[in-house]
There are 2 protein chains.
Amino acid sequence: MQSECAPTLKATVVRRLEDEIVSGLLTPGTRLDEVQLSERYGLSRTPLREALAQLAASGLVEIRPRSGAFVTQMSPRGMLECLSYAAEIEAIAASWAAARMTGAERADLVALQRDAACSVENGDSEAYFDLNRKFHEAIYAGAHNSYVQDAAHQLFLRGAPYRRLQLRQRGRIATSHAEHQTITDAILAEDGEAAARAIRAHITIQGDRFMEFLAALPDAFIGRDIR
Amino acid sequence: MQSECAPTLKATVVRRLEDEIVSGLLTPGTRLDEVQLSERYGLSRTPLREALAQLAASGLVEIRPRSGAFVTQMSPRGMLECLSYAAEIEAIAASWAAARMTGAERADLVALQRDAACSVENGDSEAYFDLNRKFHEAIYAGAHNSYVQDAAHQLFLRGAPYRRLQLRQRGRIATSHAEHQTITDAILAEDGEAAARAIRAHITIQGDRFMEFLAALPDAFIGRDIR
DNA sequence: AAAATTTTTATTGCATACAATCAAATGAAC
DNA sequence: GTTCATTTGATTGTATGCAATAAAAATTTT
């Protein structure tokens, strides 16, 4: 989205904060103190504030006026809204990818699946987490439409802090990999409809797992935002 | 997306710039000089820069590092990408609206259609432009999903500067209104599939008109970005 | 002792000021 | 006359400083 001729300090901070949020270093709900962060990254408050504003616009951070910035925390309801929307966006991306991916892109997708198979066998959830991201990003890129690509990318980022927990669940990695195979097959067969169905199910299953997770929680946590 | 307890100067500037871009006062491609704008709105560069960064994140403005901010100008190719994506987003919104709209929301939609009919008869394109926006926003809200609503809203804004031209074309208003009626009927019948098909066609037609418009231009303008 | 009110403190939001960098304009060489 | 180098100018990116506001703490009142 931004030309890379001169990586400004602001831009680098945006990336670093993004990384720290996605990687789970900064958990949802934590307050982002401007002075603390500016000292930590070795720059002044001005570019840091701009970085926070940009992250807020992308949804990863929430700025409450006169109160500060916080890593966005989704309510259970918000989470389900997000997942159902993400399922549709991914469906669009997969559908278009099936029709428009180049030969090289299809080969890359297959290669990613092969690498992922290894991390599944080794039970390396950290490696799979990364390959999972690359798999989905490959599909976004394969759609050959910058708007879906950006939207899907942003959505994936917003869900990342929670997805990490999901993939830690027993057997989830193997299931996920099998679902990816179904998606890959459909894309290789240039069957957009099937690809869309498969990836929609792939995302929806995460919502179901999330619901099951919620069911194990006390009722007080369900249905209202966690502050 | 932002609580309204204290409308900061930055927030108001974001809205004012949004309005001016959407209303066509600031045409795509124009450079947004920081000092000029800060003088014009009576504030300093700091909050204005934050406002520009926020608009850049939403896509209405493009910031070229060390070069300044410009109102985003879409290339012909980018416009088609945008429209094809928007068609799918609107389809999702319409489909969900058909299933989830409340009685009051359905009534509002019908009322909007009635008002629009008047502006069509009077040939008041300015009024129709506004009612068209309200019609689509009503559907976004009716989807009862903040993510689709936000995404569709942003996309609508980004297309606004160009849509204004579209609706000026002879007979386009009447056709548009008829298409809206088809969409409304499908939503009232709670037929999500039909609503999605109808609104997808409604958006796609704009793409076709745009292609026709391009065909009338010299070849030199087609296929490359206008700088 | 609990509640309400005042005071304090810390943090945000904004303004100003400086420095780094890029674009354009001017001038020199071929 | 054209091209390249140099300088100038303007504008962005960043740092610092101040004032307004909101949350927290302390004091007073019921």
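Note on naming: letters A, B, ... go to the chains in the order of the sequence lines (proteins, then strands), and numbering restarts at 1 for each one.
If you take OH of Y41(B) and P of dC14(C), they are 15 Å apart, rounded to a whole angstrom. Across the protein-nucleic acid pair, Q36(A) atom CD and dA10(C) atom C1' stand 13 Å apart, rounded to whole Å. Summarising the geometry, the separation between CZ on R66(B) and P on dA19(C) is reported as 15 Å, rounded to the nearest angstrom. Distance L52(B) CG to dT11(D) P: 15 Å, rounded to the nearest Å. Protein atom CG of L9(B) is 16 Å distant from nucleotide atom C1' of dT16(C), rounded to whole Å. Rounded to an integer number of Å, the gap from L48(A) CG to dG13(D) C1' is 14 Å. Regarding K10(B), its NZ atom lies at a distance of 11 Å from the C1' atom of dT12(C), rounded to whole Å. Between the CD atom of E34(A) and the P atom of dA10(C) there is a distance of 16 Å, rounded to whole Å.
OP1 or OP2 of dT12(C) sits under 4.0 Å from a side-chain N or O of R31(A). At dG13(C), one or more side-chain N or O atoms of R49(A) fall inside 4.0 Å of OP1 or OP2 (strictly under the cut-off).
If you check dT12(D), dC14(C), dT14(D) against the side chain of D33(B), the one that comes closest is dT12(D). Closest to the side chain of R45(A), out of dA15(D), dT12(D), dG17(D), is dG17(D). Closest approach to the S44(A) side chain among dA15(D), dT12(D), dC14(C) is made by dA15(D) (side chain taken as heavy atoms from C-beta onward).
Side-chain contact between Y147(B) and S84(A): absent, with no pair of heavy atoms (C-beta onward) separated by less than 4.5 Å. Using a 4.5 Å heavy-atom cutoff, the side chains of L112(A) and H180(A) are not in contact. Looking at heavy atoms from C-beta onward, E90(B) lies out of side-chain contact with I139(B) at the 4.5 angstrom threshold. Between I89(B) and F156(B), the closest side-chain pair of non-hydrogen atoms is not below 4.5 Å.
Mapping G68(A) and T46(A) onto DNA chain C by nearest heavy atom places G68(A) closer to the 5' end of the strand. Between S67(A) and P47(A), it is P47(A) whose nearest contact on DNA chain D lies nearer the 5' terminus.
Between the R200(B) side chain and the A87(B) main chain, no donor and acceptor come within less than 3.5 Å of each other.
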